[in-house]
Amino acid sequence: METNGSTDVLATDINQEYEVVYRKPSTLVDVAMHYCPGCAHSLVHKLIMEVVEEMDIQEQTIGVAPVGCSVFAYDYMDIDMQEAAHGRACAVATGIKRLMPEKYVFTYQGDGDLAAIGIGETLHAINRGENILIVFMNNAVYGMTSGQMAPTTLPGMWSTTTPGGRDVSFYGQPIRVSELIAQLPGSFYVTRQVVNSSNGVRKTKKALQNAFRYLQMNKGTCMVEIIGNCPSNWKMTPVECSDFIDEQMIKAFPVGDIKVPKL
Amino acid sequence: METNGSTDVLATDINQEYEVVYRKPSTLVDVAMHYCPGCAHSLVHKLIMEVVEEMDIQEQTIGVAPVGCSVFAYDYMDIDMQEAAHGRACAVATGIKRLMPEKYVFTYQGDGDLAAIGIGETLHAINRGENILIVFMNNAVYGMTSGQMAPTTLPGMWSTTTPGGRDVSFYGQPIRVSELIAQLPGSFYVTRQVVNSSNGVRKTKKALQNAFRYLQMNKGTCMVEIIGNCPSNWKMTPVECSDFIDEQMIKAFPVGDIKVPKL
Amino acid sequence: MLEELIVAGFGGQGVLSMGMTLAYAGMVEGKEISWMPSYGPEMRGGTANCITILSSNKISSPILSSFDTAIVLNQPSMDKFAPRVKPGGLVLYESGTILQPTSRTDIDVIGISATAEAIKMKSPKIMNMIILGAYLHLKPVVAIESILEALKKVLPEKYHHMLPLNEQALLRGEELVNSELREGVMLVC
Amino acid sequence: MLEELIVAGFGGQGVLSMGMTLAYAGMVEGKEISWMPSYGPEMRGGTANCITILSSNKISSPILSSFDTAIVLNQPSMDKFAPRVKPGGLVLYESGTILQPTSRTDIDVIGISATAEAIKMKSPKIMNMIILGAYLHLKPVVAIESILEALKKVLPEKYHHMLPLNEQALLRGEELVNSELREGVMLVC
Amino acid sequence: MTEIKLMKGNEALAEAAIQAGCDAYFGYPITPQSEVLEYLAREMPKHGRVVMQAESEVASINMVYGAAGAGFRTMTSSSSPGISLMQEGISYIAGAELPCLIVNVNRAGPGLGTIQPGQGDYFQSTKGGGHGDYRMIVLAPASVQEMADHVYLGFDLADKYRNPVLMLSDGAIGQMMEKVEFRPYKRPEVDKSSWATTGKPKTRSRNYITSLHILPEKMEEHNLKLEEKYRRMREEEVRFEEMNTEDAEYLFVAYGLCARICQKAMDIARSKGLRVGLLRPITLFPYPYQRVSELADKVKLMLSVELNSGQMVEDVRLGVNGKTKVEFFGRLGGMMPTPESIVHHLETLILSKNGN
Amino acid sequence: MTEIKLMKGNEALAEAAIQAGCDAYFGYPITPQSEVLEYLAREMPKHGRVVMQAESEVASINMVYGAAGAGFRTMTSSSSPGISLMQEGISYIAGAELPCLIVNVNRAGPGLGTIQPGQGDYFQSTKGGGHGDYRMIVLAPASVQEMADHVYLGFDLADKYRNPVLMLSDGAIGQMMEKVEFRPYKRPEVDKSSWATTGKPKTRSRNYITSLHILPEKMEEHNLKLEEKYRRMREEEVRFEEMNTEDAEYLFVAYGLCARICQKAMDIARSKGLRVGLLRPITLFPYPYQRVSELADKVKLMLSVELNSGQMVEDVRLGVNGKTKVEFFGRLGGMMPTPESIVHHLETLILSKNGN
Amino acid sequence: MEENTTTVAPKQRKVKGKVEIDIQKCKACELCTVECKEQALKLGDSLNIKGYRYIIADNERCTGCVNCALVCPDAVITVWRTNVKKQKVNVTPEDVREQLKGNIVGSL
Amino acid sequence: MEENTTTVAPKQRKVKGKVEIDIQKCKACELCTVECKEQALKLGDSLNIKGYRYIIADNERCTGCVNCALVCPDAVITVWRTNVKKQKVNVTPEDVREQLKGNIVGSL
Ligand SMILES: Cc1ncc(C[n+]2csc(CCOP(=O)(O)OP(=O)(O)O)c2C)c(N)n1
Ligand SMILES: Cc1ncc(C[n+]2csc(CCOP(=O)(O)OP(=O)(O)O)c2C)c(N)n1
Ligand code: SF4
Ligand code: SF4
Ligand code: SF4
Ligand code: SF4
Ligand code: SF4
Ligand code: SF4
Ligand SMILES: [Mg+2]
Ligand SMILES: [Mg+2]
């Protein structure tokens, strides 16, 4: 690994004098990810893999990748995975989980995948109370296909298919998936988080840890919605995206727990 | 028309001495309907056609029939209609309404059609706030295909695909469509009614009248959910069905307005 | 041995189960069998029918255009299927419901007032068994015992107490035919 | 007249727009043209290229396996496309980014440090125009005027104030080639 | 000896699935095959297997994807419109090379059509109704017994080739009752550990299921691998049945229910002195082109009889390749050709032919 | 004279839709054709037309059903996986006889495959990927100009036959730029009042759109009506282009992008002294069987060149019917055959043939 | 049944009603008989062409309350009434359009 | 940049930190630089093989707070720290499994 850092310290004595307080999880494949600079997908991949490593459940975990920029998730997460058809991750996960009830099964989906074409499979899986975790990356845009409107695109927000900004009188309001599915008795734990700051990252990881633990209880579906960014299609720098999230996104998508089990 | 009635009165003097206080609407085609004896579908067809007649909007109204027992609705409603693919009535209605914004467009759908295979199209149409009326016949079963479980089948309720009764730990709770979609800003008027008594029929008709009037305002989607029966698949007489609705169905599906516009 | 039979009538008249019972009986006797129902939105009224074939040899087509026997329980079925009976064949019908039987003279045409009889016996549902009894008396393609055997399979456990009633019905059908014949109906062959 | 050209490099290097500008210029001059981009998840890094064909006759295949000219802006593209240049053809490359040009001797291989030059000119984005200028000096397949004409179409209105800058860049490219040639690069033909 | 049962085709299919060790069934009701789901809903749980009514056919096929991808014996069934909805999923399953069994109890289309039997989905089944170059082995049962037998065969072939297998039945065979015998079945050993997503132990690299190969070079490699598989199927899996072909001057070609009707038509024709034979393809893909070609050298005329407007007849022509006359006879919309009508059609063809 | 523009195929298609008076477009993004939706999202509203991004391809095609059923000029576009999802809807549209334009910018499959160009959806497009017996007129543009021209043609044919028309393009033609000219277009008068659901005035009986005919007798009637329509298409709508066929000893058969590549291959081959011609089917349904058959009498060999594993070649064989040798050459997975490779393949075939 | 009827004898009533049954379309579901407080409706013994025992009305008992007609799924009941003026029940399209101009109307 | 730094000189600090950047995987998104309160990180001028100006660390300023590593999307930052005992930050799988037995744990 080619690295830099203060040169006066050798790796060896580093390990004597210093202790590692953060390192990339071993469950994250050591390759460069294809995501654009600053893309939240890579960050969330990392967090999920940290939890899998810490809980030591690599062998018990099966992931389902969507069609979206994170379609390649299986190239980065060092666990068994399936790549589902666009929008069908929850159906695929149902097929896996029903046959292997003892495993941890999660889907990783974008907003177009989960909330547009896949809303039916998502709702029904949750209504059945499938004991799966849905990691929902809400970046308010179709990333992979280069910037079309998503069901979560903000009112007035530009996209390649809403050149004048999203007109709610034509396309309606952005769908708040988490609030909607929290209505369903089948959902067990529903939370919305951000990852545009170290604190946000801490909370998001905690949410993911909770979710994986709840899966052990087989009490219903867990959803962790993450407000992500899409520098390339928002036409902003990653840092600008972080501000946009604080200033715009979380107004439409309030951050925090939406449904927490009383244990 | 072959009829009976007290024979001492001739049709002629009837019309002198008496006045008609109820007659089948002229907008309902004068043929025998294929529905089973006592089936609520026929009753609701009648009510819709009464409203269309009374509002004199036959020429402005286009209906969309589902795939389900009411697939033949176009044989009975004397208006222009389209027969949609299973579950897609709301998409079809969107196609019609967007091209003819000045028309009254309604869909007529069963619970399997609307809430199972069609939940995606339904939710998105409502979220867009399509100015259509959705008449939702909830009879808690797949009638046409002879009695399989519907998303609205009650817990423990028998169906050909839940021979031991619906197991909520396996299939989850029945979906309360009206409550769910009332969450969406795009819905304008949402109400649930019954037709198992003359009073229920009066209220249901009123709801349908309201809905058609609201359509004129182009403020969003109206849904009139009707708790119907299915004598053939519930394996009950129509009269027994009426009791079952009062005793069981309305517990799971409370009757009344769920979302009323403040005008 | 080869019997190509169609049973036709209204939905609720037990048309399909009559054919099915016969098919089971055929199986009991080790015959080759095929039972082909018309299916569709029967539930919503309309007519039902089934083609039942009993044979000592392998059966090719389960679908036929002409029949050795037609058992018809309502007028539409009479009008539709009587013409399709092979010359020398048999049409057995419910005479309470069917007012115009076929006018063909090259086949046997026999009516039984099974519905009335069934009501007399206080269980309208067994109308079809009365007809079946009549049919088997005219054409003993399987033994009554085999039918009783078959009924055990066709009827759900909880209805097995009805078996005796069904047997009576079968015999009643037999008698009705006899009286009909006594009243001088001529069998063509 | 027929020029079969490929332009290849990293995503952000303006590869596609260079080819497109050339195509527009060709249209301005009434030539037959075809512009075929490689597409895909460029957005997520990776390389981009486009085949641009200018011809006085109708163009058959927009897809080619060998080229008269390859303009390459990164090493992978050099490695991939230099071998596909027809003997006697031209490879023009960005010498700041590409350290190992092809070793072929049967073609002209000319490097231009356009990136450095662009930075000097305080607008890295016009690197591709410098290259284009160099190319047109070596192969005047269209007139500079036509390019400027074309840029009006390619550039959105709001960037039209950049036209002069682009013109400078084109000329700068020309000069760079000349100096290169002065430094004794031999043209094969 | 195993017990002989009298069963509907759909029920025999369902029972066979259980006996074949099917781990999971995902399906959505549709006439004329809802009995499959209903039968399994009653019986599967007793065997601790998974049976689920999905919210749609799209969900069904993708649940199958998930379960099959995890290495389980999985199936779904539907009828024409439902199968159309599965086309994307089927293409994915073929692309990801997942073994599973898909049953189409064909009804008459297009559109909602009617619920009566049809064979209008022949092209969709054999040439690929989904996108891209893929093939499924297509089995065409012609009896209730085969409705059962083809389930075992189908599952085994699916595992052998890591490929979806389609059973193309029709409403009549699904609804009719015949005797059926469930012979003892020995399930071949197959090791799926190299690809099934069962959870990654330290001891092996991760397994993943995908149909995506973004680089054309890689995608073509994958396609060629699939093509090689399909070539092997063409070589090893062609199945057909023939009757009276030794001396046949005229040949009926028909599959499924139509073959049964043609058999009777053949008997009638022979009783009239016409030397008629019957070729019944059992696998529609791979198609018995070879055998068709051989027979083309012997017979004066081939008559393809189908419940559609003429689909399999194209494969017959491809097999014959001009060597003899090929004609078509069919009924549509759920109507059935009677044996007599088939014979009659043949006779008129013979006359007109001699006319020439 | 009309202005000549330089445009991407997808944009030319979109612009032509506007000029053809398309009332409504419903679609869902997918590479390599999202430009169509994006272009129309910018331009359609200016003309007071309806353009909507649907929630899925299933929704898109059913919105098309509704709008077309109301008598409006309606279209959708997608690429392979999305088109697979539309199969049920397409079958409904064909069954209900609704005129509309569907565009498939074909990419390589199966499954998610890759976004690079392909022709793997030939069977799906021409033989019916959906269920039941139905046909669409299938147009195969080979240039940006035709991407525009076929839109006018497609809409007009759809109205003429009350039938869906499919444009089968591919990613390369969709993404490439060429000159395109939008010639003045005169829209033929069509009266849809006898069936379009525009609201029932007292003066006529109600119109309804359906593909359901529950009685087999009625359904068969409907099917026969459709078949008659398809027969007329076969008679009147066959379109193709040919080059150098007068003296050709060898014939390339190719459509779309492949035809362009073959044209260059033909030139190379001729420069080598090989008398090669090219037949480019423009309508894939109806297919130019007749012309293929005529040419089969003249040439020694036909080579079908496709971006798939060999699909159209079956139609070539059906046309040739054994009269001459038919071979296939193709690339897969988004890879493109180079003109040189095609010539090379032809040469080896000629050698091996002379070998025999 | 006759016994346990609690309705006053027809003659005393101010409002008289009559119903007419389109017997060939009646499906004998009996929803109307349950609704009729006056026990004016009962299933007959003879069958219609569809094979259903259609409804027989005893118009001496009918008050014209229209409840039966409202719940009849197959719309086979037509109802007449005397003295309609006093308490108008029938609604013509015109009335409704009238009312619709104002606020929401209840159905009869 | 050096000027407006408000951090105390490294020597005085109790806790010292170090970071290591996997430069070839760095994409120059600069999310880390924003997070680093100590201004220990900044974009360099040289490019990595992907053509990105990768991050340079000034470990004299680093406190090992790991914030940069947390927000780094591409997980290219490794962080060390002295005196870890006092305020344990690193979480080994063991620790977590331990904690998981109890109630929900927060991440570091
Ligand atoms: C059936 C189908 N329709 C459309 C597409 C094209 N497509 C690929 S990804 C995508 C949406 C991606 O957006 P999102 O789910 O939000 O993921 P993101 O890239 O934003 O993370 C679409 C429409 C497809 N591959 N398949
Ligand atoms: C794609 C597709 N899947 C399944 C069917 C079969 N099918 C017809 S109606 C129906 C459900 C009917 O139930 P519901 O919508 O509740 O209507 P009901 O008959 O109860 O009024 C189904 C599954 C179909 N026609 N098309
Ligand atoms: S396009 Fe957007 S979502 Fe996709 S990788 Fe780039 S930044 Fe991330
Ligand atoms: S099956 Fe049920 S829903 Fe369908 S017509 Fe009969 S009663 Fe009504
Ligand atoms: S109108 Fe009222 S009183 Fe008269 S029959 Fe009907 S329900 Fe009875
Ligand atoms: S409610 Fe109507 S259909 Fe039912 S019994 Fe009464 S009159 Fe007949
Ligand atoms: S660990 Fe903390 S102090 Fe050290 S570089 Fe990272 S953010 Fe700065
Ligand atoms: S956050 Fe990571 S990838 Fe981004 S600049 Fe810092 S080190 Fe590089
Ligand atoms: Mg997104
Ligand atoms: Mg229902």
*Asks:* Looking at Leu224(F), Asn321(F), Asn308(F), which one has more heavy-atom pairs under 4.5 Å with chain E than the rest?
*Replies:* Asn321(F)

*Asks:* With a 4.5 angstrom heavy-atom cut-off, which part of Ile83(F) approaches chain E: side chain, backbone, both or neither?
*Replies:* neither

*Asks:* Specify which of Glu220(F), Lys218(F), Glu314(F) makes the most heavy-atom pairs with chain E at under 4.5 Å.
*Replies:* Glu220(F)

*Asks:* Just so I understand: if I count every heavy-atom pair under 4.5 Å between each of Glu227(F), Gln87(F), Gln124(F) and chain E, which residue has the most?
*Replies:* Gln124(F)

*Asks:* Do you know which of Glu217(E), Gln119(E), His222(E), Arg317(E) has the most heavy-atom pairs with chain F at a distance under 4.5 angstrom?
*Replies:* Glu217(E)

*Asks:* Output the option from Gly322(F), Ser91(F), Pro81(F), Gly109(F) having the highest count of non-hydrogen pairs under 4.5 Å with chain E.
*Replies:* Pro81(F)

*Asks:* What residue in Ser309(E), Gly118(E), Ser79(E) has the most heavy-atom pairs under 4.5 Å with chain F?
*Replies:* Ser309(E)

*Asks:* For the residue pair Gly95(F) and Pro110(E), what are the closest heavy atoms and their distance?
*Replies:* CA-CG, 3.7 Å

*Asks:* Ignoring hydrogens, what is the shortest heavy-atom contact between Lys127(E) and Phe123(F)? Give both atom names and the distance.
*Replies:* O-CD1, 3.4 Å

*Asks:* Between Asp133(F) (side chain) and Gly120(E) (backbone), is there a donor-acceptor pair under 3.5 Å?
*Replies:* no

*Asks:* Any donor-acceptor pair under 3.5 Å linking the side chain of Asp121(F) with the backbone of Gly132(E)?
*Replies:* yes

*Asks:* Donor-acceptor pair, distance only, cut-off 3.5 Å: does the side chain of Asn223(E) make one with the backbone of Leu332(F)?
*Replies:* no

*Asks:* Measure Arg107(F) against the heavy atoms of chain E and call it side chain, backbone, both or neither at under 4.5 Å.
*Replies:* neither

*Asks:* Would you say Thr114(F)'s side chain and Pro216(E)'s backbone share a donor-acceptor pair under 3.5 angstrom?
*Replies:* no

*Asks:* Measuring from atom CE of Met86(E) to atom CD of Glu88(F), what distance do you get when rounded to the nearest 0.5 angstrom?
*Replies:* 11.0 Å

*Asks:* Between Ser211(E) (side chain only) and Leu112(F) (backbone N and O only), is there a donor and an acceptor less than 3.5 Å apart?
*Replies:* yes

*Asks:* By a 4.5 Å heavy-atom criterion (distance strictly below it), what part of Ile90(F) contacts chain E: side chain, backbone, both, or neither?
*Replies:* neither

*Asks:* Is a side-chain donor or acceptor of His131(E) paired with a backbone partner of Gly111(F) at a separation under 3.5 angstrom?
*Replies:* yes

*Asks:* Using a cut-off of under 4.5 Å for heavy-atom pairs, which of Val320(E), Leu318(E), Asn104(E) has the most such pairs with chain F?
*Replies:* Leu318(E)

*Asks:* As an exercise: rank Gly334(E), Gly113(E), Ala108(E) by heavy-atom pairs under 4.5 Å with chain F and give me the winner.
*Replies:* Gly113(E)

